[in-house]
There are 2 protein chains.
Amino acid sequence: MQPPERPRRRDCDSSKALPQVAKSSSIPGPTANRLGLILRELQHCQRSGQMTIRSGFLARRLGLSDSQIRRDLAQLGQLGKRGVGYDVIELIARLRNMLGTDGQWRTILVGLGNLGSALVGYRSFREQGFQLVAIYEADPTKTGQTIDGVPVLPIDSIEATLPKLNVDLAILAVPTEAATAVAERLYRLGIGGILNFAPVTLNQSPSTAIIDVDLAIEMQRLAFAVVNRQRSS
Amino acid sequence: MQPPERPRRRDCDSSKALPQVAKSSSIPGPTANRLGLILRELQHCQRSGQMTIRSGFLARRLGLSDSQIRRDLAQLGQLGKRGVGYDVIELIARLRNMLGTDGQWRTILVGLGNLGSALVGYRSFREQGFQLVAIYEADPTKTGQTIDGVPVLPIDSIEATLPKLNVDLAILAVPTEAATAVAERLYRLGIGGILNFAPVTLNQSPSTAIIDVDLAIEMQRLAFAVVNRQRSS
DNA sequence: TGCTGTGAAAGTCTTCACAGCG
DNA sequence: CGCTGTGAAGACTTTCACAGCA
């Protein structure tokens, strides 16, 4: 019942030069972002052995309104039981499916500096289905070893080695000066998406999704929230 | 400094009889988030010696529409010159003022694990006005030293030592299990805001702003963006 | 000419209010 | 009864289109 319309993304798009066909997801952008938080909270509840959950509980926990939670969850189908709430297990399964994390995503890390090293072995990555299959690094004194069973390969071998690894996603944690060039190489290798930690705007690629995590900008958002006493998404 | 702000939040109701006192200095949430990206791009342009900039250029760079850029910047006043564009230096100054990063924010880091260590000395923090004044850590083998001139103090001394440090913000990089309890202690100490890296929903506090950075959720957003990017090939 | 600033329109998201069902 | 699902209203955001000025 949705017309083949333009993407309704709030953050990217807007370029009429893109011949972009239809967009498959019926999920509004803001909703998708909240579903991630809801999923995390549900997994927490599951670990405490809770079997069902009500919209009002999630709402209070996450600082949202109960009607908003219900609207968000209604995107997944009619999963709630009136008078009772939602089944925690079922909701988790449905959310993971919707968010695309019910399977495994083969992932590489590029850049084994301070931040990159901290990200290796970050437990939540693996728990959510992101499997680290290789690490690429420019410094030759760091390559050759394996960390947590993951091989550290020379960045210059990436064109030769990446195609065999069948990789979906890359985590980009290289120095700012190198980020743009590395991103271009990843585009050319056909990577599906990049999580970019470098504080620089990468050129856009039609076939690669990019999510930026700029820690300085997050601090700015915090400062802004303090001054404006707002809550963030 | 801002006068006491009106609560223009999008979630908690608290008072439905809000007669809407229209504080003009308050900018829309989505706009505020984009202004951070715009600022970063402007600083990049400034380093290349560019003196003026047009909305269309920023738009292409950031993947937004030019009219959106103009709307966002119009929030700061009429800073553009018709037929020319915006003065880079002036715009940066105005943006930093608006986002609250024209002064210094005294900041502590709590938790000197892998991630915390990576955050110490992260250059962009200091460049954007976030000054690290102390690090708190539970492991006694790590306390007592200084890192980059910043003292590493025992977490249990925080009630005694924090008040003297005149701190505004905290970066919370402790293990998940400890995060909630540490956050409560920070609330009680009157901290203004917390940048939370623990993958857990913190209880909310009326006087402390919270920004969450959950790296697993960012990966989920990336996966979602990949799945919902319908490319012909 | 070329670009900004902005009213008005279009589009999107959130909240309200209550029907509907276990 | 309690809680979900949802039409309708309202609030907010983006886009369009063009006036206005350097």
Side-chain angles (χ1 to χ4, degrees), chain A residues 1-3 5-16 23 25-35 38 51-60 62-88 90-91 94 230-231 233, chain B residues 6-20 22-24 26-35 38 51-60 62-88 90-91 94:
Chain A
M1 74 177 317
Q2 79 197 42
E5 248 317 325
R6 306 253 27 242
R8 61 231 281 181
R9 280 278 198 311
R10 62 191 304 91
D11 33 13
C12 35
D13 137 74
S14 80
S15 161
K16 59 198 59 179
K23 191 168 158 266
S25 165
S26 54
I27 302 230
T31 294
N33 291 325
R34 283 189 300 267
L35 290 180
I38 291 173
M51 299 309 290
T52 67
I53 197 161
R54 284 160 290 125
S55 62
F57 178 85
L58 281 170
R60 225 169 313 114
L62 300 175
L64 305 168
S65 71
D66 55 349
S67 62
Q68 185 161 64
I69 298 282
R70 288 199 299 278
R71 268 268 187 243
D72 288 348
L73 295 181
Q75 297 283 343
L76 310 178
Q78 303 192 177
L79 298 173
K81 291 182 181 55
R82 292 166 197 230
V84 180
Y86 302 84
D87 183 275
V88 172
E90 181 188 10
L91 203 46
R94 211 63 201 73
Q230 284 178 351
R231 232 282 171 188
S233 51
Chain B
R6 89 190 150 102
R8 87 181 263 307
R9 49 197 23 156
R10 56 204 307 104
D11 30 36
C12 315
D13 47 308
S14 62
S15 87
K16 55 195 58 180
L18 226 278
Q20 168 149 344
K23 272 292 291 176
S24 58
S26 176
I27 41 189
T31 294
N33 290 326
R34 284 189 300 266
L35 290 181
I38 292 174
M51 300 308 290
T52 67
I53 198 161
R54 284 160 290 126
S55 62
F57 178 85
L58 281 170
R60 224 170 313 113
L62 300 175
L64 305 167
S65 71
D66 54 349
S67 61
Q68 184 162 63
I69 298 281
R70 289 200 298 279
R71 269 270 188 242
D72 288 347
L73 294 181
Q75 296 282 345
L76 311 178
Q78 302 193 179
L79 297 172
K81 291 183 184 54
R82 292 167 198 233
V84 179
Y86 302 84
D87 182 276
V88 172
E90 180 188 11
L91 202 47
R94 208 63 201 73

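Chain identifiers are assigned alphabetically (A, B, ...) following the order of the sequence lines, protein sequences preceding nucleic acid strands; residue numbering begins at 1 within each chain. All heavy atoms count here, side chains included; hydrogens, waters and symmetry mates do not.
Among the heavy atoms of the strands lying under 4.0 Å from A/G80 are primed sugar atoms or P, OP1, OP2 only; no base atom is included. At a threshold of 4.0 angstrom between heavy atoms, the contacts of A/L73 with the nucleic acid are absent.
Residues that satisfy the side chain to side chain donor-acceptor pair (under 3.5 Å) test with A/R70, not counting sequence neighbours, are A/S55. A/R54 is linked by a side chain to side chain donor-acceptor pair (under 3.5 Å) to nothing, counting only residues two or more places apart in sequence or in another chain. When the side chain to side chain donor-acceptor pair (under 3.5 Å) test is applied to A/R71, no partner is found at least two apart in sequence or on another chain.
Here C/dT4 presents its C1' atom at 10 Å from CG of B/D66, a figure rounded to the nearest Å. Atom pair A/I27:CD1 and C/dT12:C1' shows a separation of 15 Å (rounding to whole Å applied). Rounded to an integer number of Å, the gap from A/Q75 CD to C/dT12 P is 13 Å. Per the geometry, CZ belonging to A/R54 stands 17 Å off P belonging to D/dC1, to the nearest Å. Here the P atom of nucleotide D/dC3 and the CG atom of A/L91 are 16 Å apart, to the nearest Å. Atom CD1 of A/I69 and atom P of C/dC16 are 15 Å apart (whole Å). Following rounding to the nearest Å, A/L79 (CG) and C/dC21 (P) show an atom-to-atom distance of 17 Å. D/dT15 atom P lies 8 Å from atom CZ of B/R34, rounded to whole Å.
Looking only at side-chain heavy atoms (C-beta outward), B/L79 and B/L73 stay at 4.5 Å or farther from each other. With contacts defined as side-chain heavy-atom distances shorter than 4.5 Å, the pair B/L35/B/D72 qualifies.
Taking all atoms of both residues into account, the shortest heavy-atom contact from B/I69 to B/L64 is CD1-CD1, 4.0 Å. Scanning all heavy atoms of the two residues, the minimum distance from B/A59 to B/S65 falls at CB-C, 3.6 Å.
With DNA chain C read from its 5' end, the first of the two nearest nucleotides for A/G83 and A/T31 is the one closest to A/T31.
For the OP1/OP2 pair of C/dC3 and a distance below 4.0 Å, the side-chain nitrogens and oxygens of B/S55 include no atom meeting the criterion. Taking 4.0 angstrom as the limit, B/Y86 places none of its side-chain polar atoms (N or O) nearer than this to OP1 or OP2 of D/dA22.
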I'd like a table of atom pairs between the protein and nucleotides 6-8 of chain D - only N or O on both sides, under 3.5 Å - with the distance next to each one.
| unit_1 | atom_1 | unit_2 | atom_2 | d |
| --- | --- | --- | --- | --- |
| D/dT6 | OP1 | A/Q78 | OE1 | 2.9 |
| D/dG7 | N7 | A/R71 | NH2 | 3.2 |
| D/dG7 | O6 | A/R71 | NH2 | 2.5 |
| D/dA8 | N6 | A/R71 | NH2 | 2.8 |

